[in-house]
Enquirer: 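I have a structure I would like to understand better, so I am pasting it below and will then ask my questions one at a time.
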Amino acid sequence: MSVEPRSNFLRTQIQADLESARVNALVTRFPPEPNGYLHLGHAKSISVNFGLAEQFGGQCHLRFDDTNPEKESQEFIDSIQEDVHWLGYQWEGEVRYASAYFGQLYEWAMYLIDQRLAYVCDLSAEEARQYRGTLTEPGRNSPFRERSSEENRDLFARMRQGEFAEGARVLRAKIDMGSANMNLRDPILYRIRHASHHQTGTEWPIYPTYDFAHGQEDAIEGITHSICTLEFEDHRPLYEWFVEHLPVPHTPRQIEFARLNTSYTITSKRKLKQLVDEEVVDGWDDPRMPTIAGLRRRGYPASAIRHFCEEVGTSRSDSTADVAMLESAVRDHLNQSAPRAMCVMKPLRLTLTNLPDALCLEVRNHPADPDFGGRQLWMGAELFIDQEDFREEANKHFKRLVLGKRVRLRGGLVIEAERCEKDADGGVTHVFAKCVTFIPGADPEDGLKPKGVIHWVSADEAVPATIRRYDRLFGVPEPAREQDLMAAVNPHSLVVIDTAMIEPELVNANPEQVFQFEREGYFVADRYDHRSDRPVFNMTIGLRDTWSASHG
RNA sequence: UGGGGCGUCGCCAAGUGGCAAGGCAGCGGGUUUUGAUCCCGCCAUUCGGAGGUUCGAAUCCUCCCGCCCCAGCCA
């Protein structure tokens with residue numbers, strides 16, 4: 001089930017770096033800002049960074065890039081660690097924090113000041129924006145650009161002491177206001193924030209920006225390959241500028257790859273939050289959410305998510321992977337790992353008119369893997385089958401139960417429908433059938449084998465259960481492009497069925513345990529809501545269906 | 001319109017001058033006590049376009065076209 005690592009530009013590059021001894025051993029890092037829940041896009045980054053370290057016998061760090069206290073919290077730090085673990089990865093050593101390097105970063109800022117490569121700028125945010133110029137016009141030098149090192153040291157030290165108001169001053173690198181690369185137009189290194197930080201409390205009234213922090217964090221940790229997404233490409237010259245001008249202990253290198261987009265899904269934090277806030281979903285871990293917590297609650301195996309990330313590849317071209325690839329990986333893994341069971345979604349009473357005694361059937365838990373063992377199922381005269389599996393009359397394409405026709409009850413006998421009862425509206429309420437065979441697994445003696453098999457549960461033993469059937473949250477392939485996101489929400493993304501009847505053993509399912517309900521799909525015992533006296537299963541994904549689409 | 005990237009099958013994606021991998025989707029057929037799984041077969045004479053170099057080009061050169069990113073004291 002594991003996928004062979006396939007060739008991609010990162011592996012090629014790392015291989016070359018190792019062979020040329022540019023680096024001795026690979027060290028990567030997954031550096032989320034703890035300001036939200038991880039989603040499928042993060043899973044890709046995690047799989048790239050941890051996967052590379054695994055493949056090349058290197059290390060991967062987990063580092064919280066916590067340089068902006070206002071948006072971050074401990075809650076996210078905890079959930080991110082849980083998600084990374086759940087995905088099957090373990091970071092090297094302790095969890096790292098950018099905030100743990102604030103002291104070193106401060107010293108390096110002073111170093112740049114001494115080198116006359118950084119200065120305190122008193123321009124307001126609005127003024128700074130005007131001085132920056134535009135994409136086609138160069139910027140102008142700040143009037144504060146030529147302050148002496150002494151004055152800059154004093155001012156920066158006082159910024160650090162908390163003497164100034166937020167927005168009053170910033171520390172900037174002195175690079176080139178005329179650069180065609182906006183990031184080099186005297187980028188901001190530090191800003192004043194009188195905010196409490198989840199790790200450092202009120203120790204720091206100034207916080208380094210991403211640009212001033214990231215490469216140096218990498219250097220401190222000995223990261224050899226700092227892998228990020230394409231939008232940071234323009235930041236690379238700045239990343240390198242700091243590494244070059246500062247006395248850092250290592251020389252990390254930034255490499256960018258295209259972020260993962262998946263059809264029918266959205267990964268914008270703002271939009272996901274909107275879904276939660278407007279109660280379109282039941283929370284960040286709603287089984288319809290593309291968050292790791294949501295995918296987990298949906299029953300998607302971590303191994304399938306890893307498989308998908310590997311299969312989709314890693315390149316530098318913007319692309320949108322078909323969500324069908326993810327679904328295929330999920331079915332693939334679950335087909336092999338999920339024990340089979342039976343669940344009747346819409347029960348229709350079936351009476352076997354000529355069954356002498358209840359039978360105890362021995363049923364396999366997996367059709368292809370004997371290691372799953374078997375279970376005993378009682379088949380009495382009173383059963384439930386699905387309403388969808390019976391018709392009074394039908395053409396030959398309908399391979400289920402039809403009046404006067406035969407069908408096999410999964411794991412049991414071959415029966416033939418004799419008659420049915422209907423309610424005032426003409427809906428079938430009860431089917432009567434006779435057994436054509438009486439030995440489980442046997443074929444009819446007259447040689448007329450049924451062409452269909454349907455699932456069933458014992459009316460006496462089956463237990464009622466709540467089934468939550470999920471479908472795609474959005475009805476359009478690129479919801480991110482929708483002007484009105486809410487209008488693109490699939491109104492049938494969740495259908496709750498309270499009338500389902502399950503095999504009795506299923507009440508003992510462990511939370512998060514996935515079963516294949518035969519002929520229906522894969523279903524997971526809800527992590528939080530499933531109880532033996534009140535079973536709740538979430539539909540992970542349906543079985544591949546090449547019939548109903550073309551035949552209704 | 002400045003700078004930086006990216007264009008290989010419906011969707012991903014290998015390929016780095018020598019016969020265009022693979023996966024997903026799709027389509028045919030076989031097996032099957034799940035209309036599932038599994039198995040077999042089909043699915044790019046052509047790589048955004050046009051020129052050029054070469055015995056030979058998706059790969060090198062030139063021009064053109066399209067898409068993405070950058071003007072936060074976010075990351």
Side-chain angles (χ1 to χ4, degrees), chain A residues 3-4 6-8 12 31-33 35 65 67-68 70-71 121 123-125 128-130 132-139 166-172 179-185 187-193 207 209-211 213-214 228-237 256 258 260 262-263 308 310-329 331-332 335-336 340 342 363-364 366-368 397-400 407-412 414 440-441 443 449-455 477 516-521 542-548 551:
Chain A
V3 205
E4 283 303 301
R6 54 184 77 218
S7 175
N8 67 47
T12 302
E33 181 186 16
N35 67 347
D65 214 355
T67 58
N68 187 4
E70 293 167 324
K71 303 160 71 176
C121 179
L123 252 25
S124 69
R129 189 177 64 77
Q130 283 164 6
R132 190 154 36 233
T134 69
L135 293 179
T136 52
E137 298 162 319
E166 290 191 7
R169 300 181 211 270
V170 293
L171 183 72
R172 303 176 72 174
S179 176
N181 182 344
M182 287 293 203
N183 298 113
L184 263 20
R185 319 246 266 225
I188 288 165
L189 274 35
Y190 270 92
R191 68 292 213 189
I192 298 170
R193 285 285 178 279
Y207 291 92
T209 55
Y210 165 86
D211 283 315
H214 207 93
C228 63
T229 42
L230 246 29
E231 68 269 24
F232 290 103
E233 192 156 26
D234 292 341
H235 293 245
R236 195 190 331 135
E256 313 85 16
L260 170 67
T262 308
S263 64
F308 166 65
E310 177 57 33
E311 205 153 65
V312 86
T314 307
S315 76
R316 286 173 63 83
S317 41
D318 289 311
S319 59
T320 301
D322 192 334
V323 73
M325 284 181 76
L326 207 212
E327 295 171 343
S328 167
R331 288 195 184 96
D332 225 27
N335 177 47
Q336 297 191 27
R340 312 287 127 123
M342 292 192 283
V363 181
R364 308 264 63 177
H366 195 289
H397 296 298
F398 188 76
K399 307 201 306 183
R400 309 177 190 181
V407 81
R408 189 185 300 271
L409 292 173
R410 180 64 163 160
V414 175
D443 287 329
K449 292 170 67 172
K451 48 188 194 299
V453 180
I454 63 174
H455 59 286
Q516 184 196 98
F517 290 168
E518 293 195 76
R519 302 210 306 130
E520 291 284 354
L543 256 24
R544 202 164 81 94
D545 182 357
T546 52
W547 184 76
S548 70
H551 297 78

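Scope of the values below: all heavy atoms of this structure, side chains included, with no hydrogens, waters or symmetry mates. Chain naming here is simple, since letters A, B, ... match the order of the sequence lines and numbering starts at 1 in each.
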Enquirer: Considering only atom C1', compute the distance from rG15(B) to rG22(B) and round it to an integer number of Å.
Expert: 12 Å
Enquirer: Measure from the side-chain heavy atoms of D332(A) and tell me the nearest of rC38(B), rU34(B), rC70(B).
Expert: rC38(B)
Enquirer: Taking atom P of rC69(B) as reference, at what distance in whole Å does atom CG of L184(A) sit?
Expert: 21 Å
Enquirer: Compare the minimum distances between each of rC73(B), rU34(B), rA36(B) and the side chain of V453(A), then state the nucleotide with the smallest one.
Expert: rU34(B)
Enquirer: Both distances below 3.5 Å, Watson-Crick or wobble geometry, any strand: find the nucleotide opposite rU37(B).
Expert: none
Enquirer: Any N or O donor-acceptor pair under 3.5 Å from the base of rG35(B) to the side chain of R400(A)?
Expert: yes
Enquirer: Between R340(A) and H366(A), do the side chains contain an N or O donor and an N or O acceptor separated by less than 3.5 Å?
Expert: yes
Enquirer: When you compare rA75(B) with rU37(B), how far apart are their P atoms, in angstrom units rounded to a whole number?
Expert: 47 Å
Enquirer: How far, in whole Å, is rC24(B) from rC60(B) if one measures between their P atoms?
Expert: 31 Å
Enquirer: Which whole number of Å gives the distance between the C1' atom of rC42(B) and that of rA50(B)?
Expert: 34 Å
Enquirer: From C-beta outward on E518(A), which listed nucleotide comes closest to its side chain: rG3(B), rU34(B), rG35(B)?
Expert: rU34(B)
Enquirer: Given that both distances must come in under 3.5 Å, which nucleotide forms a Watson-Crick or G-U wobble pair with rG2(B)?
Expert: rC70(B)
Enquirer: When rounded to the nearest Å, what value does the distance between P atoms of rU8(B) and rG4(B) take?
Expert: 22 Å
Enquirer: Using a 4.5 Å cut-off on heavy atoms from C-beta on, say whether the side chain of I454(A) contacts that of L409(A).
Expert: yes
Enquirer: Give the rounded distance in Å between these two atoms: NZ of K71(A) and P of rC74(B).
Expert: 8 Å
Enquirer: Choose from rC73(B), rG22(B), rC69(B) the nucleotide whose nearest atom is closest to any side-chain atom of E231(A).
Expert: rC69(B)
Enquirer: Distance between the P atoms of rA57(B) and rC6(B), in whole angstroms?
Expert: 24 Å
Enquirer: Measuring only the C1' atom in each nucleotide, how far is rC73(B) from rC11(B)? A whole number of Å is fine.
Expert: 41 Å
Enquirer: Nearest-Å distance, CG (D234(A)) to P (rA75(B))?
Expert: 17 Å
Enquirer: Using a cut-off of 4.0 Å on non-hydrogen atoms, how would the nucleic acid contact of G412(A) be classed: base, sugar-phosphate, or nothing?
Expert: base
Enquirer: Applying the Watson-Crick and G-U wobble criteria at under 3.5 Å, what pairs with rC47(B)? Answer none if nothing qualifies.
Expert: none
Enquirer: Can W547(A) be said to stack with the base of rG35(B), given centres closer than 5.5 angstrom and planes under 30 degrees apart?
Expert: yes
Enquirer: How is A368(A) classified with respect to the nucleic acid when contacts are heavy atoms under 4.0 Å: base, sugar-phosphate, or nothing?
Expert: nothing
Enquirer: Answer with base, sugar-phosphate or nothing: what part of the nucleic acid does H214(A) contact at a heavy-atom distance below 4.0 Å?
Expert: nothing
Enquirer: On the 0 to 90° scale, with breaks at 30° and 60°, tag the F398(A)-W547(A) ring pair as parallel, tilted or perpendicular.
Expert: tilted
Enquirer: Check whether any side-chain N or O of T546(A) sits under 4.0 Å from OP1 or OP2 of rA36(B), and answer yes or no.
Expert: yes
Enquirer: Can you label the angle between the H214(A) ring and the Y210(A) ring as parallel, tilted or perpendicular, going by 30° and 60°?
Expert: tilted
Enquirer: Assign R408(A) to base, sugar-phosphate, or nothing according to its heavy-atom contacts below 4.0 angstrom with the strands shown.
Expert: base
Enquirer: What nucleic acid atoms does S7(A) come within less than 4.0 Å of, heavy atoms only: base, sugar-phosphate, or nothing?
Expert: sugar-phosphate
Enquirer: So, do T229(A) and E256(A) sit near enough that their side-chain heavy atoms are less than 4.5 Å apart?
Expert: no
Enquirer: Answer with base, sugar-phosphate or nothing: what part of the nucleic acid does G139(A) contact at a heavy-atom distance below 4.0 Å?
Expert: nothing
Enquirer: What does D65(A) touch in the nucleic acid at a heavy-atom separation under 4.0 angstrom: a base, only the sugar-phosphate, or nothing?
Expert: sugar-phosphate
Enquirer: Once you apply a heavy-atom cut-off of 4.0 Å, does P450(A) come out as touching a base, just sugar-phosphate, or nothing?
Expert: nothing
Enquirer: Would you classify L171(A) as touching base, sugar-phosphate or nothing, given that sugar-phosphate means primed atoms plus P, OP1 and OP2, and contacts are heavy atoms under 4.0 Å?
Expert: nothing
Enquirer: Taking atom types as modelled and ignoring hydrogens, do the side chains of S317(A) and S315(A) form a donor-acceptor contact shorter than 3.5 angstrom?
Expert: yes
Enquirer: Syn if the chi torsion is within 90° of 0, anti otherwise; quick check, which is rG72(B)?
Expert: syn
Enquirer: Judged by each residue's nearest nucleotide on RNA chain B, which is more toward the 5′ side, E233(A) or S315(A)?
Expert: E233(A)
Enquirer: Have a look at R340(A) and say if it touches a base, only the backbone sugar-phosphate, or nothing, with a 4.0 Å heavy-atom cut-off.
Expert: base
Enquirer: Would you say the base of rG3(B) and the side-chain of N181(A) have a donor-acceptor pair closer than 3.5 Å?
Expert: no
Enquirer: Considering only the C1' atoms, how many Å lie between rG48(B) and rC67(B), rounded to the nearest integer?
Expert: 11 Å
Enquirer: Return the pairing partner of rU53(B) with a 3.5 Å limit on both distances, Watson-Crick or G-U wobble; otherwise return none.
Expert: none
Enquirer: Please compare L135(A) and K399(A) by the position of their nearest nucleotide in RNA chain B and report the one closer to 5'.
Expert: L135(A)
Enquirer: Pairing check on rC9(B): which nucleotide meets the Watson-Crick or G-U wobble criteria with it, both distances under 3.5 Å?
Expert: none
Enquirer: Can you find a side chain N or O atom of R185(A) that sits less than 4.0 Å from OP1 or OP2 on rC70(B)?
Expert: no
Enquirer: If you look at every strand shown and take non-hydrogen atoms under 4.0 Å, does N8(A) touch a base, only sugar-phosphate, or nothing?
Expert: sugar-phosphate
Enquirer: What nucleotide, of rA71(B), rG23(B), rC74(B), holds the atom closest to the side chain of E311(A)?
Expert: rG23(B)
Enquirer: For rA75(B), give the paired nucleotide (Watson-Crick: N1-N3 plus N6-O4 or O6-N4; G-U: N1-O2 and O6-N3; both under 3.5 Å), or none.
Expert: none
Enquirer: Measure from CG on L543(A) to C1' on rC38(B) and round the result to the nearest Å.
Expert: 14 Å
Enquirer: Not counting sequence neighbours, which residues clear side chain to side chain donor-acceptor pair (under 3.5 Å) with R331(A)? List them please.
Expert: none
Enquirer: For R519(A), is there an ion pair with D545(A) - N to carboxylate O distance below 4.0 angstrom?
Expert: no
Enquirer: So what does E256(A) touch, heavy atoms closer than 4.0 Å: a base, only the sugar-phosphate, or nothing?
Expert: nothing
Enquirer: From NE2 of H455(A) over to C1' of rA36(B), roughly how many Å is that when rounded to an integer?
Expert: 13 Å
Enquirer: So, is S317(A) near the phosphate of rC68(B), with a side-chain N or O under 4.0 Å from OP1 or OP2?
Expert: no
Enquirer: Taking only side-chain nitrogens and oxygens of R544(A), does any of them come within less than 4.0 Å of OP1 or OP2 of rG26(B)?
Expert: yes
Enquirer: Among residues at least two apart in sequence or on other chains, which ones pass side chain to side chain donor-acceptor pair (under 3.5 Å) with T262(A)?
Expert: none
Enquirer: In terms of side-chain heavy atoms of N335(A), which of rA21(B), rG2(B), rU37(B) is nearest?
Expert: rU37(B)
Enquirer: Ignoring hydrogens and angles, does a donor from either the side chain of Q336(A) or the base of rU37(B) sit under 3.5 Å from an acceptor on the other?
Expert: no
Enquirer: Choosing from rG35(B), rG5(B), rA75(B), which nucleotide comes nearest the side chain of L230(A)?
Expert: rG5(B)
Enquirer: How about E311(A) and R6(A): do any of their side-chain heavy atoms sit closer than 4.5 Å?
Expert: yes
Enquirer: Output the single nucleotide from rA75(B), rG15(B), rC24(B) whose closest atom is nearest the side chain of M325(A).
Expert: rC24(B)
Enquirer: Name the nucleic acid region contacted by V312(A), choosing base, sugar-phosphate or nothing; use a 4.0 angstrom heavy-atom cut-off, strictly under.
Expert: sugar-phosphate
Enquirer: Scan R410(A) against the nucleic acid and name what it touches under 4.0 Å (heavy atoms): base, sugar-phosphate only, or nothing.
Expert: base
Enquirer: Given atom CG of D322(A) and atom P of rG26(B), what is their separation to the nearest angstrom?
Expert: 10 Å
